[in-house]
Amino acid sequence: MWWGGRGQSFNIAPQKEEPEMGLSGPKSVQGTGMPEPRSRQLGSCLASGGLPGEQILAWAPGVRKGLEPEMPGTLICSNLRVTFQPHGWQRSQETPLSMHGPSRVQLLRPGSLLKFIPEEILIHGQDFRLLRVGFEAGGLEPQAFQVTMAIVQARAQNSPAQQYAGITLSQAGQSSDSRKPPIPLLETIEDWETERKKQAARGWRVSTVNERFDVATSLPRYFWVPNRTLDSEIRRAFGHFHQGRGPRLSWHHPGGSDLLRCGGFYTASDPNKEDIRAVESMLQAGHSDVVLVDTMDELPSLADVQLAHLRLRALCLPDSSVAEDKWFSALEGTRWLDYTRSCLRKASDISVLVTSRVRSVVLQERGDRDFNGLLSSLVQLLSAPEARTLLGFQSLVQREWVAAGHPFLTRLRGSGASEEAPVFLLFLDCVWQLLQQFPAEFEFSEFFLLALHDSVRVPDTLTFLRDTPWERGKQSGQFNNYTQVYTPGFPGAGNSINPQLSVWDWNLRYSNKQILQFRNPGYDPEHCPDSWLPRQQPSFMVPGPPSSVWLFSRGSLTPLNQLCPWRDSPSLLAVSSRWLPRPAISSESLADQEWGLPSHWGACPLPPGLLLPGCLGPQIRLWTRCYLRGRPEVQMGLSAPTISGLQEELSHLQELLRKWTPRISPEDHSKKRNSNTILSQSR
């Protein structure tokens with residue numbers, strides 16, 4: 001448990017645990033004797049797999065409950081985290097369960113005073129886990145009291161900025177040598193150029209206009225713009241968008257379409273004709289057909305997402321007060337699955353827009369930092385098989401979330417109640433839904449998604465610990481070679497971190513055995529990128545109508561008279577009355593509309609590589625292995641990632657079946673299994 005956060009929020013994250021993320025603990029533990037209770041021994045043990053600068057505040061022997069069998073060990077509270085270390089644990093084994101940042105200890109709040117010696121402590125995790133440790137009598141009661149108070153006081157005294165800055169710098173300082181990151185981090189112009197060539201986006205170039213972050217600190221230093229657009233035009237045009245986040249390329253479809261994203265128009269500005277021309281040219285991106293997508297239409301607000309996640313967490317915790325017969329209705333009342341369904345349905349619609357015709361599709365969200373990234377990522381997962389590979393998905397998250405400036409720290413670690421919202425976790429839930437519906441299409445497994453889900457709360461890299469690329473660069477000392485234009489105060493700035501260290505360095509927290517389980521054993525190699533579409537316009541894509549502008553909202557296309565909202569600024573693009581759309585209310589009807597017009601083109605088959613998920617009620621499911629991980633009895637029976645794991649679960653289920661099956665005579669048993677008897681009874 002990392003200290004930090006605010007109010008009731010806290011985090012739990014695995015560090016080289018079992019794939020079930022600490023539900024069952026190590027498979028085998030050597031030794032059963034109590035280790036000698038000396039903080040120096042505990043300190044060296046933690047240091048061998050721990051963190052620089054970590055100091056033990058208190059510890060107490062106890063028993064981790066909620067497991068079968070219960071696990072004896074030691075509960076350790078340091079200045080950085082809470083760790084439960086099983087007896088006999090050695091460095092070569094899986095790292096013990098570490099919990100990061102408590103939200104509440106039973107009956108206590110940060111700053112409270114404990115007035116009794118506890119017999120048991122329950123620590124709830126924001127990632128739906130529960131650490132339950134019981135303390136036995138026998139002269140060690142003062143230690144139980146001390147470790148409980150140390151947890152509460154450390155939670156109250158440590159601020160997120162101090163803790164995150166310190167742990168990140170010291171951890172990264174261990175790796176000062178140059179090393180190639182697992183994926184391009186998109187921090188150099190070479191990374192962006194390589195990615196552009198990979199997408200074969202020939203009509204685009206890498207712009208350096210924001211290299212010093214003097215256009216927008218929330219944007220990356222480099223991004224893709226149309227070839228014919230000058231940097232001076234970009235600088236002026238971006239000033240007419242919210243937070244300076246003008247239109248940029250997110251993804252180039254092999255068939256010729258382009259997916260763009262941008263912030264909302266800054267309607268209070270007063271652009272001249274040249275600025276309007278530049279804005280429209282960037283939105284058009286060389287296409288005759290332009291579709292503006294109202295991103296937030298039919299999607300939840302940030303407050304809605306936060307409330308749904310809080311309700312879901314309260315429902316899924318082991319000590320939930322909801323009766324079993326009302327549990328599913330309470331799950332429906334959280335609205336979490338409804339929001340997941342809405343995101344998938346809208347992403348499916350946009351995938352149809354991108355895939356059906358050669359056009360420019362522009363995602364427009366006021367801030368351009370939350371649901372634009374979610375929809376852009378889902379569209380690429382639905383449309384591009386290479387995004388479903390392990391490396392491709394990591395590159396996608398790095399580009400559309402990390403480099404694009406999603407405010408991870410604000411959304412997940414609490415800088416204000418109105419700004420907290422786990423949008424990225426909602427995205428991971430959407431990806432899990434796709435993985436369940438198309439298991440052979442994804443190279444990565446559910447356990448990879450779980451590892452990524454938990455990694456957003458582990459402050460050992462800067463990937464998810466800052467809100468903008470500028471903040472990460474300032475923290476890592478990337479900008480020491482020139483004078484920074486934007487110099488707002490920022491806590492924890494320093495230059496000792498290795499900028500190449502990222503969350504994608506999985507060996508920082510997971511063993512090689514666990515990393516192997518990140519791959520989906522059911523992935524079909526035939527779906528690899530090499531067998532996909534050629535880098536040219538395929539036959540299923542058709543050119544859009546000449547000089548047409550559309551607004552996609554509420555499942556239907558509506559013609560627009562102009563692209564820009566400013567008064568007395570007629571658009572350079574005019575809508576042709578011959579291309580009026582038919583109303584569409586779902587992804588299926590939109591697909592019929594897009595591939596059915598005009599009639600002389602005839603019916604077109606579903607494009608290869610495109611996935612259209614089902615969004616009906618039973619098709620959207622609860623991510624049980626993630627949200628119910630605090631209930632081991634629910635986890636048992638879920639499919640394991642290995643043959644040995646499946647055999648173990650099968651043996652356990654067979655044993656439970658023998659226990660629960662009522663005793664009947666062999667004659668009755670054979671009678672029940674006799675097919676003729678069953679048929680005669682059915683008649």
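Note that the structure is predicted; figures quoted are calculated from it, not measured.
A search for ring-ring contact (aromatic ring centres under 6.0 Å, His included) contacts involving Phe408 returns His406, Phe424, Phe464, not counting sequence neighbours. Scored by the side chain to side chain contact (heavy atoms under 4.5 Å, CB included) test, Ile189 finds Val206, Thr208, Tyr222 as partners (sequence neighbours excluded). The ring-ring contact (aromatic ring centres under 6.0 Å, His included) search around Phe438 returns none, not counting sequence neighbours. Evaluation of the salt bridge (charged side-chain N to carboxylate O under 4.0 Å, His left out) rule for Glu190 yields no partner, not counting sequence neighbours. Among residues two or more places apart in sequence or in another chain, the salt bridge (charged side-chain N to carboxylate O under 4.0 Å, His left out) test is passed with Glu365 by none. Listed by chain and residue number, Ser301 satisfy the side-chain hydrogen bond (donor to acceptor under 3.5 Å, both in side chains) test with Asp304 (two or more places apart in sequence, or in another chain).
Between the side chains of Trp506 and Gln394, at least one donor N or O lies within less than 3.5 Å of an accepting N or O. For the residue pair Arg369/Ser218, the side-chain donor-acceptor check at 3.5 Å is not satisfied. A side-chain N or O of Trp623 and one of Glu446 form a donor-acceptor pair less than 3.5 Å apart.
Judged purely by atom type and a 3.5 angstrom limit, Ser376 has no side-chain atom pairing as donor or acceptor with the backbone of Gly373. The closest donor-acceptor contact from the side chain of Gln364 to the backbone of Val293 lies at 3.5 Å or more, if one exists at all. Of the possible donor and acceptor atoms, none in the side chain of Glu195 sits under 3.5 Å from a partner among the backbone N and O of Asp191. For the pair Ser383 (side chain) and Gln380 (backbone), a donor-acceptor distance under 3.5 Å is absent. A side-chain donor-acceptor contact under 3.5 Å links Asn520 to the backbone of Phe442.
For CD of Glu332, the number of neighbouring non-hydrogen atoms (other residues, nucleotides, ligands) closer than 6.0 Å is 12 at most. More than 12 non-hydrogen atoms from other residues, nucleotides or ligands lie less than 6.0 angstrom from CZ of Arg196.
The shortest side-chain heavy-atom distance between Tyr523 and Glu443 falls under the 4.5 Å cut-off. With contacts defined as side-chain heavy-atom distances shorter than 4.5 Å, the pair Trp192/Pro184 does not qualify.
If you look at Phe444 and Phe393, their ring centroids are closer than 6.0 Å.
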Verdict with reasoning, Trp432 to Thr340, per side-chain contact (heavy atoms from CB on, under 4.5 Å): CA-CA 10 Å; Trp432 180 84; Thr340 303; over 6 Å; no
Test side-chain contact (heavy atoms from CB on, under 4.5 Å) on Leu219 and Trp470 and set out the steps. CA-CA 8 Å; Leu219 286 176; Trp470 176 83; over 6 Å; no
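Rounding to the nearest 0.5 angstrom, the gap separating the CZ atom in Phe448 from the CG atom in Leu435 is 11.0 Å.
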